[in-house]
> 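This structure is in structure tokens; I'll ask about it shortly.
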Amino acid sequence: MIKITFPDGNVREFESGVTAMEIAQSISEGLARNVLSASVNGVVWDSTRPITSDSTLALHTWNDPEGKNTFWHSSAHLMAEALEALYPNVKFGIGPPIENGFYYDVDMGEQVLSSDDFDQIEKKMLDLAREKNPFVRKEVSKADAISYFTEKGDEYKLELIDGLNDGEITFYEQGNFVDLCRGPHIPDTGKIKAVKLMSLAGAYWRGDESRKQLTRIYGITFQKQKELTEYLELLEEAKKRDHRKLGAELELFMFSEKVGAGLPIWLPKGTALRSRLEDFLKKEQIRRGYQPVITPHIGKKELYVTSGHYAKYGEDSFQPIHTPREGEEFLLKPMNCPHHCEIYGHRPRSYKELPVRIAEFGTVYRYEQSGELHGLTRVRGFTQDDAHIFCTQEQVKDEFLGVLDLTKLVLEKLGFEDYTAQISLRDPENPDKYIGSVENWDKAEQAIIDATKEAGLETTTVLGEAAFYGPKLDFMVKDALGRRWQLGTIQVDYNLPERFELEYTGTDNAMHRPVMIHRAPFGSMERFIGVLIEHCGGKFPLWLNPEQFAILPISDRYNSYAEDMLAQLAAADLRGFVDDRSEKIGRKIRDAEVRKVPFMLIIGEQEAESGQVAVRKQGEGDLGVMELEAFVTLMNEQL
RNA sequence: GCCAGCAUAGCUCAGCUGGCCAGAGCAGCUGAUUUGUAAUCAGCGGGUCGGGGGUUCGAAUCCCUCUGCUGGCUCCA
């Protein structure tokens, strides 16, 4: 007999060789039906694998990430089986589960797969799933594994086997398909009831640009058709909220082939929105002791040689601009920090004036490969809500706290309730990758950890993700559809103060090197607004909305009255417009609704006589008639 | 940059395997209508079918190339 410890601490005895599935059955048939895999002593296993020693056990269903992963991993195998049945010469790379579904990298040889083939593959997958073939785990020797895939002629699997040790190699078999795989898998293919192949993409073998590009097939599967339908509906919703689509519809921004790819052009309404965001932050920053500055969009090449960016990114940047006579070389600025370092260094600094906080909405230009560009979230020219704080090592923690507070304020003001902070620290295995003293790194990392704790932030910590010049913290924000975005960032930097030889005179009358903190609560205005558009589906908070209300006269006769009203509301600092077209009121309402104007003021004979307004809220409907002052109050309450 | 796909009017799209002056809805303009909570009616204008080259008697349709876009890969100071 062996002892099995459950997550709630309960311990029960079972015969040695019992499987997780059998244990589940002993609890309830219903549970057993839902079990996809199980963690045995913390390792995810097949639910059908015999347990032969005292163990902890956690059963995984669709509701656990582990359960979903197992399900999708098995689905990848099912897809591979279908592919092999349809295209006998296909060779397989790797096929893991991902956040939403799975993929398999395959080498189709001469054959070109297109999404038109998806139907056929999906059908085959469902046919094979209906066979309810069990996933059978087999331990094989390295020699046997090699001879199997040599015979099959799959060089990718052979390469994978090459990296494995004898004794740790397993195959999984379902139906006629055998794959090299660590597992685990669901009990049988019958659980896969709904299949959808999503897209095709090229993917380099083992992520290496110099190696062969395989075809990556993305898919997702579910246990119920209904779940697939819901998932596809969610994707539809995301598509409706796509900032590229809404940005065009609401006339916020545009792109022009003539101006160039990846260079967003802000239209009047988008500019109104963006300016409000900037003003909000500018005010808040001034309150917090930041000093706004303005620096040029280009800088001499030497500036970036000094900063080190030229050596690191020179080749992969927009190339220098040359002056015609003098032959000077200028670079479009890819960052604001070198300019800000020059500002710090333009005169001697005393410890008394630290921290110095230099802020600029600085537009920067970075070369991105053409395939990388995407709406506002990946562009070649963008504006950072940048600031650099020059302080002493001792001040780092307090400055960090201040920035955390500001960033939280920004996110919450814009309706991002769900976010976490990702702390990126050194890779302990590679100390040589980093510049700056070990003591300073220790202090800075500790300062970040302490500051986030003090700020009560939910954090995740990743080792090895720090920049070479210092540890950093990124805000990971979840939007209304549950998608995660990286927005604001705070980075400690020991490198630039060194390179620019920045100093201050300390209490001891000696020279010291300040620490620099880069920070951007929004990240970039472009990216932030892109995410904001999708988060709120184009229905911006009232204080940001370029159009807060529309005045809709019932007929032309009330147009001048509407204009008077507009003037009164403008005097109350509210923004709107009059729809004075000779259209029926139903039409004007519809158009305002589609434009997502938050409030509509309908005025006709009754309102003109009583001096009141009939208020309608976008998406909600009629709020009834009220005095104009009451409407102003209503608006101000929501600002 | 690489793989796959897409590009027809301001927008959304039709135009099958090459064949009469390239279509629709919405938007726009003009006129009529003067309207009470999500689309009033009529008329009109608008496209060298993304650019260039080729195949063909004939190309929106087939081929090549460039540009842009989409989904990924690689990259991201």
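Letters A, B, ... are given to chains in the order of the sequence lines, protein chains preceding strands, and every chain is numbered from 1.
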> Using the C1' atom on both, measure B:C11 against B:G47 and round to a whole Å.
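It works out to 14 Å between them.
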
> Apply salt bridge (Lys or Arg N to Asp or Glu O under 4.0 Å) to A:Arg581 and list each qualifying residue two or more places apart in sequence or on a separate chain.
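Expected list: A:Asp579, A:Asp591.
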
> List for me each residue that meets salt bridge (Lys or Arg N to Asp or Glu O under 4.0 Å) alongside A:Lys157, sequence neighbours excluded, and say none if there are none.
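Testing A:Lys157 for salt bridge (Lys or Arg N to Asp or Glu O under 4.0 Å), a comparison that skips the adjacent residues, returns A:Asp179.
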
> Answer yes when A:Glu329 and A:Lys300 have at least one side-chain N-carboxylate O distance shorter than 4.0 Å, and no when they do not.
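Judged by the 4.0 Å cut-off on N to carboxylate O distance, A:Glu329 and A:Lys300 do not form a salt bridge.
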
> Starting at atom NZ of A:Lys596, determine the distance to atom C1' of B:A38, rounded to an integer number of angstrom.
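The distance from NZ of A:Lys596 to C1' of B:A38 comes to 13 Å, rounded to the nearest Å.
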
> For a 4.5 angstrom cut-off between non-hydrogen side-chain atoms, does A:Leu473 reach A:Gln422?
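A side-chain contact is absent here, since even the closest heavy-atom pair is not under 4.5 Å.
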
> At less than 4.0 Å, is any side-chain N or O atom of A:Ser370 found next to OP1 or OP2 of B:G1? Yes or no.
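For A:Ser370, the contact criterion (side-chain N or O under 4.0 Å from OP1 or OP2 of B:G1) is met.
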
> Any ring-ring contact (aromatic ring centres under 6.0 Å, His included) pairs touching residues 578-604 of chain A, not counting sequence neighbours?
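Pairs touching residues 578-604 of chain A that pass the test: A:Phe599-A:Phe631.
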
> Using the P atom on both, measure B:U55 against B:A60 and round to a whole Å.
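Going atom to atom, P in each nucleotide, I get 16 Å.
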
> Determine the contact category for A:Glu620: base if any of its heavy atoms lies under 4.0 Å from a base atom, sugar-phosphate if only primed atoms, P, OP1 or OP2 are that close, otherwise nothing.
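No contact at all - A:Glu620 keeps every heavy atom at 4.0 Å or more from the nucleic acid.
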
> Quick test of your reading of the model: are A:Glu251 and A:Arg595 salt-bridged, counting only N-O distances below 4.0 Å?
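Looking at A:Arg595 together with A:Glu251, the answer is no, because their closest N to O distance does not fall below 4.0 Å.
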
> So, for A:Gln369 and A:Arg380, which heavy atoms are closest and what is the spacing to 0.1 Å?
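Reported closest heavy-atom pair: C-NH2, 4.0 Å.
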
> Spell out protein contact along nucleotides 72-77 of chain B as letters: B when the base is contacted, S when just the sugar-phosphate is, - when no protein heavy atom is under 4.0 Å; keep the 5' to 3' order.
BBBBBB

> Output all residues satisfying salt bridge (Lys or Arg N to Asp or Glu O under 4.0 Å) with A:Arg244, sequence neighbours left out; order by chain, then residue number.
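Once residues adjacent in sequence are excluded, the partners of A:Arg244 under the salt bridge (Lys or Arg N to Asp or Glu O under 4.0 Å) criterion are A:Asp242.
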
> Among residues 577-584 of chain A, which contact RNA chain B at a heavy-atom distance under 4.0 Å?
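Of all residues in residues 577-584 of chain A, the ones placing a heavy atom under 4.0 Å from RNA chain B are A:Ser582, A:Glu583, A:Lys584.
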
> Would you mind listing every ring-ring contact (aromatic ring centres under 6.0 Å, His included) that reaches into residues 92-111 of chain A, with sequence neighbours excluded?
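Qualifying pairs: A:Phe92-A:Tyr104, A:Phe92-A:Phe177, A:Tyr103-A:Tyr218.
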
> Base, sugar-phosphate, or nothing: which does A:Leu214 touch, judged by heavy atoms less than 4.0 Å apart?
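If one applies the 4.0 Å heavy-atom cut-off, A:Leu214 turns out to touch nothing in the nucleic acid.
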
> Expressed in whole Å, how much space separates the P atoms belonging to B:G1 and B:A14?
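After rounding to an integer number of Å, I get 29 Å for this pair.
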
> Which protein N or O atoms sit under 3.5 Å from an N or O of nucleotides 43-53 of chain B?
none

> If you measure from the P atom in B:G53 to the same atom in B:U61, how many Å do you get, rounded?
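One P to the other, the span is 14 Å.
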
> Measuring only the C1' atom in each nucleotide, how far is B:C62 from B:C21? A whole number of Å is fine.
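Between the two C1' atoms, the distance is 24 Å.
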
> Assign A:Glu249 to base, sugar-phosphate, or nothing according to its heavy-atom contacts below 4.0 angstrom with the strands shown.
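Nothing, no heavy atom under 4.0 Å.
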
> Considering only heavy atoms and no angle criterion, is a donor-acceptor pair shorter than 3.5 Å present between the side chain of A:Arg590 and the base of B:A39?
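Yes, the side chain and the base share a sub-3.5 Å donor-acceptor pair.
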
> Please report the distance, rounded to the nearest Å, between CD1 in A:Ile589 and C1' in B:U35.
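Between C1' of B:U35 and CD1 of A:Ile589: 11 Å.
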
> How long is the span from the CG atom in A:Leu281 to the CE atom in A:Met525, to the nearest 0.5 Å?
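Those atoms lie 7.5 Å apart.
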
> Output the rounded distance in Å from OH (A:Tyr104) to C1' (B:C3).
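A:Tyr104 atom OH is separated from B:C3 atom C1' by 19 Å.
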
> Which part of the nucleic acid does A:Arg587 contact within heavy-atom distance under 4.0 Å: base, sugar-phosphate only, or nothing?
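Result for A:Arg587 = sugar-phosphate.
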
> With rounding to the closest Å, how many angstrom separate the P atoms on B:G46 and B:A39?
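After rounding to an integer number of Å, I get 31 Å for this pair.
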
> Grab the stems for RNA chain B, please: at least three consecutive Watson-Crick or wobble pairs, both distances below 3.5 Å, written as range with range.
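As far as RNA chain B goes, consecutive pairing (with distances under 3.5 Å) yields the stems B:1-7 with B:67-73, B:10-13 with B:23-26, B:28-32 with B:40-44, B:50-54 with B:62-66.
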
> Calculate the interatomic distance between A:Lys245 atom NZ and B:C69 atom C1'; express it in whole Å.
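Taking NZ of A:Lys245 and C1' of B:C69, I get 16 Å after rounding.
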
> Using whole Å, what does the distance between atom P of nucleotide B:U33 and atom NZ of A:Lys588 come to?
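Atom-to-atom, A:Lys588 to B:U33, this comes out as 16 Å.
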
> Any side-chain heavy-atom pair from A:Ile220 and A:Trp72 closer than 4.5 angstrom?
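Yes. Closest side-chain heavy atoms under 4.5 Å.
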
> Which whole-number value in Å describes the distance from A:Met254 CE to B:G68 C1'?
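That distance rounds to 13 Å.
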
> Does a salt bridge link A:Glu237 with A:Arg241, judged by any charged N lying under 4.0 Å from a carboxylate O?
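Looking at A:Arg241 together with A:Glu237, the answer is yes, because their closest N to O distance falls below 4.0 Å.
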
> Does the side chain of A:Gln612 come under 3.5 Å of the side chain of A:Glu627 through a donor N or O and an acceptor N or O?
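Side chains of A:Gln612 and A:Glu627: pair found under 3.5 Å.
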
> Quick one: is B:U70 close enough that its OP1 or OP2 comes under 4.0 Å of any side-chain N or O from A:Arg244?
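Yes, because at least one side-chain N or O of A:Arg244 sits under 4.0 Å from OP1 or OP2 of B:U70.
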
> Is A:Arg616 salt-bridged to A:Asp622, cutoff N-O under 4.0 Å?
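Salt bridge: no.
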
> Rounded to the nearest angstrom, tell me the gap between atom CZ in A:Arg595 and atom C1' in B:A27.
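Rounding to the nearest Å, CZ of A:Arg595 and C1' of B:A27 are 13 Å apart.
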
> Look at all strands and tell whether A:Ile554 reaches a base, only sugar-phosphate, or nothing, counting heavy atoms closer than 4.0 Å.
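Contact class for A:Ile554: base.
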
> Using the test side chain to side chain contact (heavy atoms under 4.5 Å, CB included), find all partners of A:Arg378 that sit at least two apart in sequence or belong to another chain.
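A:Arg378 satisfies side chain to side chain contact (heavy atoms under 4.5 Å, CB included) with A:Glu368, A:Glu372, A:His374 once adjacent residues are dropped.
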
> Using a strict cut-off of less than 4.0 Å between a Lys/Arg side-chain nitrogen and an Asp/Glu carboxylate oxygen, indicate whether A:Glu605 and A:Arg557 qualify as a salt bridge.
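Looking at A:Arg557 together with A:Glu605, the answer is no, because their closest N to O distance does not fall below 4.0 Å.
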
> Using a heavy-atom cut-off of under 4.0 Å over every strand shown, decide if A:Ala614 touches base, sugar-phosphate, or nothing.
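Base contact.
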
> Among residues 527-535 of chain A, which contact RNA chain B at a heavy-atom distance under 4.0 Å?
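Those residues whose heavy atoms fall under 4.0 Å from RNA chain B, taken from residues 527-535 of chain A, amount to none.
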
> Closer to the 5' end of RNA chain B via nearest nucleotide, is it A:Ser555 or A:Gly619?
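Upstream on the strand: A:Ser555.
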
> Between B:G36 atom C1' and A:Leu552 atom CG, what is the distance in whole Å?
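Computing the A:Leu552:CG to B:G36:C1' distance gives 11 Å.
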
> Salt bridge (Lys or Arg N to Asp or Glu O under 4.0 Å) with A:Glu498: which residues, sequence neighbours excluded?
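With neighbours one apart ignored, the set is A:Arg513.
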
> State whether A:Arg519 and A:Glu399 are salt-bridged, where the test is any N-O pair (Lys NZ or Arg NE/NH1/NH2 against Asp/Glu carboxylate O) under 4.0 Å.
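A salt bridge is absent here (no side-chain N lies under 4.0 Å from a carboxylate O).
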
> When rounded to the nearest Å, what value does the distance between C1' atoms of B:C73 and B:A27 take?
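The answer is 39 Å between these two C1' atoms.
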
> Check the surroundings of atom NZ in A:Lys269: do more than 12 heavy atoms from other residues, nucleotides or ligands lie under 6.0 Å from it?
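Enclosed.
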
> Could a donor-acceptor pair under 3.5 angstrom be found where the side chain of A:Arg557 meets the base of B:U34?
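By the distance-only test, no, there is no pair.
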
> Distance check, C1' atoms only: B:G51 and B:U8, in whole angstrom units.
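About 15 Å, rounded to a whole number of Å.
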
> Taking the nucleotide of RNA chain B with the nearest heavy atom to each, does A:Thr215 or A:Gly262 sit closer to the 5' end?
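It is A:Thr215 whose nearest nucleotide is closer to the 5' end.
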
